[in-house]
Amino acid sequence: MTRAIEVSSFVPVVEDGGTCTLTVTLGSATVKVDGQAYADASSTSCGLLTVPAKDLSKGTWHADVSYGSPHTRGSSAPQPVEVP
């Protein structure tokens with residue numbers, strides 16, 4: 001079985017040049033994945049952020065996405081993700 005956490009997100013502003021960061025945590029384990037953000041017609045897309053299977057263990061991880069640019073900062077509320 002292949003395990004991975006994949007998250008797609010957007011930011012409610014329109015701008016290029018920002019960075020999206022997916023952070024997943026389980027106890028003291030933390031994995032971060034960065035991705036370039038791109039403006040579209042009505043928002044800024046983080047695209048697909050993926051934490052590969054090799055970085056995950058079984059359990060309930062908590063995932064959140066943060067966004068940062070020279071003009072805007074923000075983050076999502078953590079969401080539980082079950083890895084079987």
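The model shown is predicted, which means the values in this text are computed figures rather than measured ones. The figures that follow rest on heavy atoms only: side chains count, while hydrogens, waters and symmetry mates do not.
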Residue pairs involving [range] (criterion disulfide (SG to SG under 2.5 Å); sequence neighbours excluded):
range	result
residues 4-84	Cys20-Cys46
residues 55-84	none
residues 52-84	none

Connected hydrophobic set around Val11, excluding itself, where side chains approach under 4.5 Å: Val13, Tyr67
How would you list, by chain and number, every residue that makes a side-chain contact (heavy atoms from CB on, under 4.5 Å) with [X], sequence neighbours excluded?
X	value
Tyr38	Asp16, Gln36
Glu6	Leu48, Thr50
Ser45	Asp40
Val51	Ile5, Leu22, Val24, Val31, Val33, Asp55, Leu56

Tell me which pairs pass side chain to side chain donor-acceptor pair (under 3.5 Å) where either residue lies in residues 18-27, with sequence neighbours left out.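 Pairs touching residues 18-27 that pass the test: Thr21-Asp34.
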Show me the pairs that pass side chain to side chain donor-acceptor pair (under 3.5 Å) and involve residues 72-82, at least two apart or across chains. Glu15-Thr72, Thr60-Glu82
Identify the two heavy atoms, one from [X] and one from [Y], that lie closest to each other, and give their separation to 0.1 Å.
X	Y	result
Leu26	Ser57	CD2-OG, 3.5 Å
Val81	Ala63	CG2-CB, 4.0 Å
Ser43	Phe10	CB-CD1, 3.8 Å

Partners of Thr30 by side-chain hydrogen bond (donor to acceptor under 3.5 Å, both in side chains), sequence neighbours excluded? none
